[in-house]
Chemist: 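This is the structure I want to talk about, given as structure tokens.
All heavy atoms count here, side chains included; hydrogens, waters and symmetry mates do not. Read the numbers this way: they start at 1 and go in the same order the structure lists the ligands and their atoms.
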Amino acid sequence: MSQTAFHPPLRTLMGPGPSDVPSRILEALSRPTIGHLDPAFVELMDEIKALLQYAFQTESQLTMPISAPGSAGMEACFVNLVEPGDKVIVCQNGVFGGRMKENVERCGGEAVMVMDDWGKPVDPQKVEDALKAHPDAKILAFVHAETSTGALSDAKTLAELARRHDCLTIVDAVTSLGGCELRVDDWGIDAVYSGTQKCLSCVPGISPVSFSERAQHVIANRTHKVQSWFLDMNLIMAYWGGSAKRAYHHTAPVNAMYALHEALLMLKEEGLENAWARHRENHHILRTGLEAMGLEFIVPEDARLPQLNAVSIPAGADDAAVRSRLLADHHLEIGAGLGDLAGKVWRIGLMGYASRIENITLCLGALDAVLSDMGAAINSGAALPAAEKLLAHHEA
Ligand SMILES: *Cc1c(COP(=O)(O)O)cnc(C)c1O
């Protein structure tokens with residue numbers, strides 16, 4: 001066992017999260033800890049809420065960070081809105097939709113599954129059929145950006161369908177927030193959760209959530225107590241709510257909140273739409289290089305996430321060996337396949353601060369070197385020139 005201080009190796013994080021955290025955020029994290037009810041901290045909480053409203057594009061007052069990772073935000077949405085016996089239509093096109101089903105069932109609800117192939121977006125036609133077949137459904141739940149496959153679903157259309165059929169919506173925006181268009185109020189989303197370590201490029205461990213007025217009404221009028229004490233929004237509101245008098249609920253991770261505040265400031269400074277455009281442009285450059293190398297995307301072009309690029313592993317490449325050489329020789333982390341796609345794909349993230357030109361050229365160069373050396377079936381030497389052609393254009 002090591003008896004000395006831990007100094008992590010320096011990595012470039014281009015997996016499915018966490019993504020590269022800029023030094024400006026790490027520096028915020030290291031500022032002195034103050035009390036979680038200190039008036040200065042209460043002011044910071046109000047600022048974080050306002051910045052989150054901007055990031056989610058919502059005016060909802062019930063918008064705040066849960067003091068736990070994205071999975072807790074997911075659970076917060078389900079335990080507050082689902083009561084025993086409730087019917088929930090759950091769309092699954094990857095790993096995270098499966099977790100939604102688990103959540104519904106653990107709340108005593110009934111999950112009606114709408115299944116799509118891994119790598120495909122959620123099919124609105126199937127969702128409409130399910131809504132018609134189950135007029136008693138209370139909620140429609142789906143993943144906006146499926147990080148396990150790199151597929152983007154049409155959240156606007158899906159939320160509209162739900163509203164037309166008098167259903168609430170629960171949307172997983174863990175990977176979409178800050179990385180691609182998301183408009184919670186305009187699209188009429190009722191409950192949404194995200195994470196700090198993907199396109200916000202903050203440290204892991206916090207989950208921003210937001211609930212619409214309709215959702216708040218449902219939560220306030222439940223017949224059963226929320227099964228989770230920690231995630232009961234009725235109680236959390238006493239701490240994070242708008243009133244001047246804040247009551248102790250739990251000790252907020254004070255320093256992590258400094259970091260989140262800094263990350264949200266950076267997003268605001270860049271501008272939400274500029275951040276979405278940057279993710280799109282960098283995806284285009286990376287994709288051009290990967291395709292020149294001969295790697296194939298598993299998601300159809302019109303449904304690809306700019307922030308998560310899933311490509312098939314080429315013949316002659318040993319999945320684990322490639323990833324460990326990227327890490328050892330190039331200090332570069334890319335993601336392995338998850339669930340059904342384990343061993344079949346790599347997931348290359350361009351999330352938040354990691355969505356930069358330097359990272360793209362590092363990744364293309366390193367992948368080319370390792371795969372060529374291994375004798376994998378790729379077009380050696382083709383990736384960087386193809387990407388650089390776009391860069392010259394980009395800078396002109
Ligand atoms: C990462 C992720 C989660 C889980 O977030 P954690 O912070 O790991 O708990 C949930 N949904 C999606 C789509 C994700 O990408």
Chemist: Taking atom types as modelled, is there a side-chain donor on S67 or H250 under 3.5 Å from an acceptor on the other?
Modeler: yes

Chemist: Salt bridge or not for E270 and K268, using N-O below 4.0 Å?
Modeler: no

Chemist: Before accepting this row, confirm whether a basic side-chain N of the pair E301/R287 lies closer than 4.0 Å to the acidic partner's carboxylate O.
Modeler: yes

Chemist: For ligand 1, indicate whether the residue K198 contacts it via side chain, backbone, both or neither (heavy-atom separation under 4.0 Å).
Modeler: side chain

Chemist: Do K126 and D116 meet the salt-bridge criterion of a basic N to acidic O distance under 4.0 Å?
Modeler: yes

Chemist: Which residue and non-hydrogen atom of the protein lie closest to atom 3 (C) of ligand 1, and at what distance in Å?
Modeler: F96 CE2, 3.5 Å

Chemist: Can you list the ligand 1 atoms lying under 4.0 Å from a non-hydrogen atom of T147?
Modeler: 12 (C), 13 (C), 14 (C), 15 (O)

Chemist: Tell me which part of M74 gets within contact of ligand 1: side chain, backbone, both or neither, using heavy atoms under 4.0 Å.
Modeler: neither

Chemist: Can you sort out which atoms of ligand 1 are near G70, meaning under 4.0 Å from one of its heavy atoms?
Modeler: 5 (O), 6 (P), 7 (O), 9 (O)

Chemist: Mark yes when over 12 heavy atoms from residues, nucleotides or ligands other than K120 sit less than 6.0 Å from its NZ; otherwise mark no.
Modeler: no

Chemist: Numbering the atoms of ligand 1 from 1, which are under 4.0 Å from a heavy atom of T175?
Modeler: 15 (O)

Chemist: Just wondering, are more than 12 heavy atoms of other shown residues or ligands nearer than 6.0 Å to CG in D166?
Modeler: no

Chemist: Considering only non-hydrogen protein atoms, determine which one is nearest to atom 11 (N) of ligand 1 and report residue, atom name and distance to 0.1 Å.
Modeler: D172 OD2, 2.7 Å

Chemist: Under 4.0 Å from a heavy atom of S71: which atoms of ligand 1 are those, numbered in the order shown and with their elements?
Modeler: 4 (C), 5 (O), 6 (P), 9 (O)

Chemist: Give a yes-or-no answer on whether the side chains of W346 and N309 include a donor-acceptor pair shorter than 3.5 Å.
Modeler: no

Chemist: If the cut-off is 4.0 Å to any non-hydrogen atom of Q197, which atoms of ligand 1 fall inside it?
Modeler: 6 (P), 7 (O), 8 (O)

Chemist: May I ask you to list the atoms of ligand 1 that are less than 4.0 angstrom from any heavy atom of A145?
Modeler: 13 (C)

